[in-house]
Every structure is written in structure tokens, then in C-alpha cells.
Student: 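Handing you a structure now.
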There are 2 protein chains.
Amino acid sequence: MEKRATIKDVAEAAGVGVATVSRVLSGGSASSHTRERVLAVAAQLDYRPSALGRNLRQRRTGGMGLLVPDLTDTFYGQLAEGVLACARSAGEPVMLGSTGGDPEQEAELIGMLLEQSVDRLIAVPSGDAETWAPAIRAGMTVVFADRLPAQPDHEEDPAAAAAHDLLLLDGLSPAPQSRPMDVPAVVADDRAGIRTAVRYLRGLGHKRIAFLGGPGQDRRVAAFGEAVGAPVDEELVVFGTGSRDSAYAAASGLFQSRPDLSAVVAGGNVLGEAAVLAARELDLRVPRDVSLVMYDDVPWAELCSPPLTVIAQPGRDMGYRAAELVLRAGTRRPRSVVLPTELIIRGSCGPRR
Amino acid sequence: MEKRATIKDVAEAAGVGVATVSRVLSGGSASSHTRERVLAVAAQLDYRPSALGRNLRQRRTGGMGLLVPDLTDTFYGQLAEGVLACARSAGEPVMLGSTGGDPEQEAELIGMLLEQSVDRLIAVPSGDAETWAPAIRAGMTVVFADRLPAQPDHEEDPAAAAAHDLLLLDGLSPAPQSRPMDVPAVVADDRAGIRTAVRYLRGLGHKRIAFLGGPGQDRRVAAFGEAVGAPVDEELVVFGTGSRDSAYAAASGLFQSRPDLSAVVAGGNVLGEAAVLAARELDLRVPRDVSLVMYDDVPWAELCSPPLTVIAQPGRDMGYRAAELVLRAGTRRPRSVVLPTELIIRGSCGPRR
DNA sequence: CTTCTCCATGGAAACGATTCCATCATGGTT
DNA sequence: AACCATGATGGAATCGTTTCCATGGAGAAG
């Protein structure tokens, strides 16, 4: 356990002041003679500036925070890989937290990041605007990914709020000042994704299409309502809470209470997994008895039998773009990004029986 | 963007010295009167000590680093969740890096963590002992998870080194000083896991059993050799490099070059996935034409058709235990942990045709 | 030759915590 | 009454960096 060389050691060994060393190493002005000398000595001593001193001086920890609900959800794994790839190429560290979809844990993790003076954060939010207020107030640069926080003020009508979000992300902000948080986001084009899927199912003759949603999927639910057209049969829209168990319970309940449905759109890969399992348990054949479209293209979608038809969204890109946004913030005013989805037709949808 | 209160603000507002505030907050001695007063003022100012100052003073960043090869591999997602759960309950931050299984990137990430003065690290190593030397030398507390780094000194006979590792992890260290790195590890009982799987396949009548391995799986390969007994048919042991493509290529090549094999053990879930895909592509029916056992129990193993028989290893526990070890280090001399595996029989194995 | 400008340079102050050490008060013992 | 032990307390040093500012020298312009 040898102690590392400090800037002072380098300065002494090179016969210059610490200020000069700092300048040379961070690209300030210096004569080519001293520059060479300092660089040589630094290399010789294997000097690497300590982030500790720098962080304290600049009153901020470099790098970025990343908050996701659950890393065993393959989609969030992809998203995290994207963030890490961007961070790595920028040489920035990433502080990771997993919220379990719980706003309270999310708030706690935000608090910890604040304590660490991490001032850049990428999050798949679980809490509402109130949960996020402390971070914003503290001056954190936040970028949301995959979804937006719920609006507590709209709580009497979440559907309206989600529709609002859809508009907002189209760049058609209907009432700019009505959304207090001005936080950029990187999300998939849920409206188009869902619409394409619903149209596809309609084309196969399906009339009773259900939506199996998870927490934070208000935008997808709204898009679904829009795609199937009013009036939406409320019973055909059910929700899990985020855990695999509750997703299974929701799927199973749906199949049992509405044997008349002929197609299901699952709002995420965990929900899709639950739907496959529940269908099998109830002896429903896919796609003969029920057609299934799942959000998220994950490697195992192809392994199912039949292989699952999915709405693919670019998880890795989403993470990468979010990381870019959060790093560029300050240089450029970050603008929200909507990434395209793609319907990948495999074998889990068939004509209505 | 309001600036946070510092310890100085609290001290002034409470009419005491900064030293006293620090003591009160970190559990030092203080009269109950001042203690109350300081706590009241701190709460009132919403004071939270900045990790920056503390880190610099203690010359170490709190929390821990976590290095995994790939977060889209569900097993590493589980492992990461375990680490995060432990860290969260300890209130410690986690710095994450994804190495892509590349020793060079791993070395780079280690360098970055060193720069951040992170002195506790959990890693699924990709590089060899040489890659890890800098971290050890710098006095980092390292705990390996899932596997151990390769030994470059044994390079003439990796099998012997892996067998050595197997012994070592049994607690039967054959020559204690022969392993220079004394780094604790949390791994699955690969030997038992593989042996159980091979016995199971033997019991079904299989004679030609292949092993589909990935990088860093020397211990599993050695265990496989041990389980099938010498002489091992070298052609029946093939490797992918870690990417899904190369895993697929390895699996496909194996099936084509050795149509006589009747069973495959895949050393990880990505390899299992590749085996299923390759078998399907070559019109090999599972389990009629070929039986398959996969390492890692992942949620989608049940979704396959047939559902996959797996060697389950407790990924989440592995991460949790590793985090515990790395946090307790210093208090207790950490000892390696071997976690049990379980053969979960589903439908991907059948009698030899 | 003088003066002005510009650049390289180094000393020193910050940043916010912990911790050493000296001081002081209190209370008990001889 | 003098002395000592104990415990609370605050000032100041410290960690390693960046950055402000003053200084000094060299070159250009007058």
C-alpha cells in the first residue's frame, strides 16, 4: 500500500510551483519548456490527480448518478449499459441506485446523491414531481429516461396528465407554464409504438384488446386509449405494481375475468413475461387463443414459443443519449428526445379465432 | 439553486465551534445540552454534511465500486441488485462500471476508481492477476464475485490453475503461498453444480456431453472435466468470447461439428440462450435430439419451450454477500464464501434417443 | 532609453469536513 | 486549601486540488 504522489510532489520534483503543475495538467497556459518538464516528471512519478481535492474545490462531484427501478429488468439493463458506455468514453464515473420502483427509496437515493454533491442525474423516475423537487431545487441537472414523473397536481385525472405529456413530447406544448418542472427527457415514441401495435392487432381482426400496464406507464396507457378509441373498456386495462408476482397476478386476473379478450398488449418485458406464464397456466394457447404484443425487445423474446412479437425501443441508445444530454447540459440547453420504436413481428399474434 | 448549509453555518447558529458540531453529528462526546442544541439547529437548517469535505480529510471516498462484464446479462443484473440492496441499507453509494469482459477496459475502470479514491471494490474480474495488481498495491479492499481472475503464471496449464482454484475454494489450500493475491471471493459451488448436472444427464443415458463455456469460466470447465472423467473429448468443450454473437457461433459450430453429441451444458445464461437459438436453427429438437442444461436460473428460463432445466446460483445473494464482505473488511478478516447451487429440473433434458 | 503590454509563474486562499491539542471548568480527593 | 482527574469545548491544522492575484521578465512600441 504505497501512497500516491500528490501535485506537491510533482511540483517539487519539477522545480516549479503547484499552480503551474495544475495549469499544465488542465490545459492552461505554460511555456513549452516547463510543460514538457512537468509532464515528464508527472509520468515518471505516475502521478494521477486525486478527484478528492478537485471535487472539494469545485464543490461538485464529477460524473453522474443513475437511478433505475430494477436491474433484473432487461430493459433497464440495456439502458444502464448505454449510460455506462457514454460515461466511460467521457472518463466519468457513474453512481448507481436501484429504487425498486418505490418513491421513498428514490427520495432517499436522491438525498444520498445530494450528499455526495453529484450534480448530474439520469433517472427512470418512480416518484412524482414532489419527489423530484429537492433535486431540482438543489440545482441538479436532471434528465429523465424512459418515462416522466407523475404530476400530483393532476391527480384527479391522470389520463389527462398523460395525454398532456404526449402532447408535450410532440413539441406541441399546449400550455408551457402549466408544467413547472422543465426537465429534459429521453423517451420512446410510445404513441406511435402503441398505435402501430393496436393497428396491427386490429388488422388481424381483434376487437377486444387489453392492456397490461406497470407503474409509470401512464403515457402508454393514454396512447392505448387513444389508439383503440373511446370508449375504452376499463376492465381491459389492468396494472401490476412492478414486481414479477404482481404482474403475474394482474395478467392472470385479466385472463380469468375477461375470457372474451383476444389480444393483449403488455407494457413492458416483465409484464410480457407474466402474460406468457399466466396464459400457459390457464391453458390459453398463444397465438391461437390469445395474441400477445410486448413492449421491449429483449434477447429472450425470440426464445419463447412462439417467439414474441414486440414493440422494440432502443434501450441502449436511450441511455446513451440521456448521458450525452446530461453531460452537455450547461454547454447547450438540453432538449427532450423522442426515439423511434419498431414493431417486430414474430409469432405471438394470429387472427382472431 | 440554493447553496446548502455548511458545518460552519451550523456552528455559528448554535453558538458553538465547528469541532463540537462535528463531534455531535458523528457520535463523539458532548454534553446533552449542546447535543440537543446542535441537533435542533442542524435540523432547522436542513444541514447534511457534505461527503466532499469528509472524503478529502479521510483521503478516501466512501461507498464501493462495482465492476461487472455486462448488465444485459440477467445474472449480472441480479448480482448488481444484491450489491445495491446491501449498499442502500448501509447508506453507501455505489460506483458502477461495465467492462464488456475486456481486461483493458477493466484496467481503465480500475484506474478511474483509484483516481476517485474508492478503496472498496466488488468485481467480476475479466483480466488476470496482472490487471488486478495495481488495485491491490494501492491498498484497495477487493472482493471478487462469481469468478476469480486467471493466473498468468499458470498459463502453460490453465486447467491445473482452475483445479487449484477449486481446491482453494474448498478451503483445502494446497499451497497457501503459491497464490500471491489474497483476495476473498464469493462464488457459486461450481464443482457441485456441474457434477450434479452431469450426473443427471448420465442418468438419462447420455454419453457424449458437451460444455459450452464463456470467458472466465475456467473453474466450470475444470469441474466439467472432473465430472465427466478423463479422458475429456477436447472437441466437446468449446468457448464463446462473451458476446451473444460469438456464443451463438460457438454453439452452432459445436452442433454442426459433432452431430453425435446428445447433451450440452451451457456455462451461463447467454450461452444457454445461444444454444437454444442454434439448436432451433439447425432443426435440432430440445430435448428429443439434444438435452440442455443451462447455468443461471433466469426468469425467462421458464418461458422457453420446453422450459429450461437449469443450475441455479443465487445471483442476488452473491452480490449481497460480496457487499457485506467488502464493507466489513477491516473489522473482520474476510474469508471467501461458496454459495450452493441447485439443479432445477424443467423440460429441456430427456433420455438419450 | 523608457514605458507599456503580455505572459509565465508561484504563493496563498479557498473548498468543508475531521481531528489533534490546548484550555478551561467542574468535582472529588488528600 | 491545594491538587488532580475528567470531560466538554473551540482553535487550528490538515487533506489535494483549483484559481485568484501579485510579481517579474521579456519583447514591442514609442
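Note that the structure is predicted; figures quoted are calculated from it, not measured. First the proteins, then the strands, lettered A, B, ... as listed; each starts at 1. Only this structure's heavy atoms are used, side chains among them; waters, hydrogens and symmetry mates stay out.
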Student: Distance-only, no hydrogens or angles: does the Asp317(A) side chain make a donor-acceptor pair with backbone N or O of Tyr320(A) under 3.5 Å?
Tutor: no

Student: Nearest to the side chain of Val18(B) - dA17(C), dT18(C), dA12(C)?
Tutor: dT18(C)

Student: To the nearest Å, how far apart are Leu56(B) CG and dT18(D) C1'?
Tutor: 12 Å

Student: Under the 3.5 Å rule, do the base of dT18(C) and the side chain of Arg57(B) count as making a donor-acceptor pair?
Tutor: yes

Student: Within this structure, what is the CG-to-P distance between Asp9(A) and dC15(D), rounded to whole angstrom?
Tutor: 11 Å

Student: Taking CD from Glu36(B) and P from dA8(D), how many angstroms apart are they, rounded to a whole number?
Tutor: 15 Å

Student: Measure the distance from CZ on Arg4(A) to C1' on dT17(D) and round it to the nearest whole Å.
Tutor: 12 Å

Student: To the nearest Å, give me how far apart CD (Gln58(B)) and C1' (dA17(C)) are.
Tutor: 8 Å

Student: Nearest-Å distance, CZ (Arg60(B)) to P (dC15(D))?
Tutor: 17 Å

Student: Whole Å only: how far is the NE2 atom of His33(B) from the C1' atom of dT9(D)?
Tutor: 14 Å

Student: Considering just the side-chain nitrogens and oxygens of Ser22(A), establish if one lies under 4.0 Å of OP1 or OP2 belonging to dT19(D).
Tutor: no

Student: Judged by atom type as modelled, is there a donor-acceptor pair below 3.5 Å linking the side chain of Arg4(B) to the main-chain atoms of Arg48(B)?
Tutor: yes

Student: With a cut-off of less than 4.0 Å, is there a side-chain N or O of Thr34(A) near OP1 or OP2 of dT9(C)?
Tutor: yes

Student: Describe the nucleic acid contact of Ala19(B) in one word from base, sugar-phosphate, nothing, applying a heavy-atom distance below 4.0 Å.
Tutor: base

Student: Determine the contact category for Ile7(A): base if any of its heavy atoms lies under 4.0 Å from a base atom, sugar-phosphate if only primed atoms, P, OP1 or OP2 are that close, otherwise nothing.
Tutor: base

Student: Among dA8(D), dC15(D), dT17(D), which is the nearest nucleotide to the side chain of Arg59(B)?
Tutor: dC15(D)

Student: Any side-chain N or O of Tyr47(B) under 4.0 Å from OP1/OP2 of dG16(C)?
Tutor: no

Student: Ignoring hydrogens and angles, does a donor from either the side chain of Arg23(B) or the base of dG10(D) sit under 3.5 Å from an acceptor on the other?
Tutor: yes

Student: If you only use heavy atoms from C-beta on, which nucleotide in dA17(C), dT19(D), dA8(C) is closest to the side chain of Ser29(A)?
Tutor: dA8(C)

Student: Looking only at atom types and distance, does a side-chain atom of Asp9(B) sit under 3.5 Å from a main-chain N or O of Thr6(B), one as donor and one as acceptor?
Tutor: yes

Student: Quick check: on DNA chain D, is the nucleotide nearest Arg35(B) upstream (toward 5') of the one nearest Ala5(A), or the reverse? Name the residue that is more 5'.
Tutor: Arg35(B)

Student: Has Thr6(A) got a side-chain N or O lying under 4.0 Å from the OP1 or OP2 atom of dC15(D)?
Tutor: no

Student: Under 4.0 Å between a Lys/Arg side-chain N and an Asp/Glu carboxylate O for Arg120(B) and Glu92(B)?
Tutor: yes

Student: Using a 4.0 Å heavy-atom cut-off across all strands, classify Gly53(A) as base, sugar-phosphate, or nothing.
Tutor: base

Student: Working to the nearest 0.5 angstrom, can you tell me the gap between Leu25(A) CG and Ile7(A) CD1?
Tutor: 7.0 Å

Student: In this structure, how many angstroms lie between the C1' atom of dG16(C) and the CD atom of Glu12(B), rounded?
Tutor: 13 Å

Student: In terms of side-chain heavy atoms, does Ser98(A) have a donor or acceptor partner in Glu81(B) at a distance below 3.5 Å?
Tutor: yes

Student: Does a side-chain N or O of Thr20(A) approach OP1 or OP2 of dG10(C) to a distance below 4.0 Å, or not?
Tutor: yes

